[in-house]
Visitor: 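First, the structure itself, so that you have it in front of you.
Lettering follows sequence order; numbering is per chain, from 1. Just so it is clear, the structure is predicted and the values come from calculations on it, not from any experiment.
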Amino acid sequence: MVRTRFAPSPTGDLHIGGVRTALFSWLYARHCQGQFILRIEDTDRERSTDEAIQLILDGMDWLGLDADEGPFYQSDRNDNYNNSINKLMDSNHAYYCYCSKQELDAMREEAMSRGEKPKYDGRCRNRKAPPESYETHVIRFKSPVDGETIIKDLIQGEVRFQNSELDDLVIVRSDGTPTYNLSVVVDDADMKITHVIRGDDHLNNTPRQVNIFKALGMPVPEYAHIPLILDENGKKLSKRHGAASVLRYKEEGILAEALLNYLVRLGWSHGDQEVFSQEEMISLFELSDVNKSAAAINPDKLSWLNQQYLKDYDNETLASLLKEQFERLSIDCSDGPSLTDLCMVQKERVKTVQEMALQSRYFYENFEEFAPDAAKKHLRPVILEALQNIKGLFVELDSWEADSIQQAIKEFCEKYQIKMGKVAQPLRVAVTGNSVSPSIDITMELIGKERVLNRLDKALEFIQTRSQLDTSEGVT
RNA sequence: GCUCCCAUCGUCUAGUGGCCCAGGACGCUGGCCUCUCACGCCGGAAACAGGGGUUCGAUCCCCCUUGGGAGCGCCA
């Protein structure tokens, strides 16, 4: 049974780099019909916050990355760590170290000046008794001195580390709490994790962890280190670019499905395919198809994918997302067309749900002014008479539906020998206030007859005022 | 500084010695469709980091250089 895990530390936002790690882990578990475990690594009590934990849970939930077990919290597992620490001490795989901070700093500095790696030199390793005076002590792991540790990474391939490069790392702090390298190993062992899938910033830690597994007599899991994600400039993720919470994408109107699809293609591919349903992702995902190099995020491509998903999205579901956006933007959508009808006509002309909300204000709210550029171009005296006449036709219409509206406009165009485009644009500006909207017939239907007629009056008035202004200024 | 990892169009990638004077996607761009916007459709420009090998033949294998990244904490 394959068991994978996602083990974030709640010290900051769950950003898309973390999400992709979670996604790969989750996909692999699902692909193998195994289990996916969520574990919160909160051993650093200073920096861990409840708020960050909640954000992680919310993010995972939004994306549908469901865990079969957990969330487990490291802060609840002290007994497990203590057991393992005792085991290591008893089996002579760990020892007390009494070195002071100053001593360690001096040691590192000296090593650097000699052009060596700043390692701990193991001076407390064979100490029989504590020194005369000391302030505190930590526990260090006895790392093997010679030989090499080989990692057969499922993505990076075989990676060899000389054990002489590894030093005796601290596994218990002076306050008695375990450090990361000890707790991951104990947790992964206890939780019977078979495949550790994580960012390749952990690759260098891996030999240390492997050695602890061995010292504990526990089976070493398989490792798969996935490359990091870079921001759009190819730099490390920062708050400004990509490192903000994934939930921000939700706020911006990105669909969970689209984000997942986007993320799965970062570092993984299946031939030329770009769009994957969740089922396809699960059945096609293989660790052996994951790339070794870092990938930069590309907001344009995410937008494009989002649009692809949007245009085929279920109207009912989309309507509820749209409602959230309206609320977020403080747009009152109670007086106007049904949200599902709106979704139907708007979903293929916008890139995000947020954009859809922003582009749909005029269905619910009256606008104060016509967009200047649009009005200047389309609401001109030459069109005054035509608008007046066509308004008359609209007034007479019994059924206010796209079909009948369309027919009225067509008849009008034929009668007066005007091209559709000549009248549709002025109409559009008149009833929406701007020059972009769905096709004019459906737009007018959804706005509603009364509003359309009112807005036409307003437009006619606008043109008249304008033509008077023009003549008084001697301009035509 | 030391150790480890990486390197195909601007970006995401296909490619596992001949199918490649390198394919797809985003973006950019020319056009078609069209009541606007968008969708859709048809075209275009755009890459194997450099140098050595190995081989009849290298994007693909090996080495070096260069360039990126990660780690070297009582952070995770």
Visitor: Could you state the interatomic distance from CD1 (A:Ile254) to CD (A:Gln307), rounded to the nearest 0.5 Å?
Guide: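 Going from the CD1 atom of A:Ile254 to the CD atom of A:Gln307 covers 11.0 Å.
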Visitor: Where each residue is assigned the nucleotide of RNA chain B containing its nearest heavy atom, which of A:Asp300 and A:Ser293 is assigned the position nearer the 5′ end?
Guide: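 Its nearest nucleotide being more 5', the pick is A:Ser293.
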Visitor: Using a 4.0 Å cut-off on protein heavy atoms (strictly under), produce a 5'-to-3' string for nucleotides 36-41 of chain B with B for base contact, S for backbone-only sugar-phosphate contact, and - for none.
Guide: BBBSS-
Visitor: Look at the side chain of A:Asp201 against the base of B:A76 and say whether a donor-acceptor pair falls under 3.5 Å; ignore hydrogens and angles.
Guide: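 Answer no: no donor N or O sits under 3.5 Å from an acceptor.
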Visitor: Relative to each other, are the rings of A:Phe285 and A:Tyr28 parallel, tilted or perpendicular (30° and 60° limits)?
Guide: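 Perpendicular.
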Visitor: Please name the pair of heavy atoms, one in A:Pro227 and one in A:Lys292, separated by the smallest distance, quoted to 0.1 Å.
Guide: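 Looking at all heavy atoms of both residues, the closest pair is CB-O, 3.7 Å.
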Visitor: For A:Phe276 and B:A25, what is the distance between atoms CZ and C1' respectively, to the nearest whole Å?
Guide: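 So the two atoms are 11 Å apart, to the nearest Å.
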Visitor: So what's B:G43 paired with, Watson-Crick or G-U wobble, going by both distances under 3.5 Å?
Guide: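 B:G43 is paired with B:U29.
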Visitor: Can you tell me how far OG of A:Ser303 sits from CG of A:Leu310, rounded to the nearest 0.5 angstrom?
Guide: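 So the CG of A:Leu310 and the OG of A:Ser303 are separated by 10.5 Å.
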Visitor: Would you call the rings of A:Tyr416 and A:Phe412 parallel, tilted or perpendicular if under 30° counts as parallel and over 60° as perpendicular?
Guide: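 A:Tyr416 vs A:Phe412 ring planes: tilted.
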Visitor: Does the structure show a Watson-Crick or G-U wobble partner for B:C72, both distances under 3.5 Å? Name it, or say none.
Guide: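 B:C72 is paired with B:G1.
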Visitor: Who does B:A49 pair with, Watson-Crick or G-U, both distances under 3.5 Å?
Guide: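 Paired with B:A49, as far as the under-3.5 Å criterion goes, is B:U65.
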Visitor: Pick the nucleotide of RNA chain B nearest each of A:Arg140 and A:Lys422; which residue has the one closer to the 5' end?
Guide: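 With A:Arg140 and A:Lys422 compared, the 5'-side residue is A:Lys422.
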Visitor: Which nucleotide, in any strand shown, forms a Watson-Crick or G-U wobble pair with B:A14, with both distances under 3.5 Å?
Guide: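 WC or wobble partner does not exist here.
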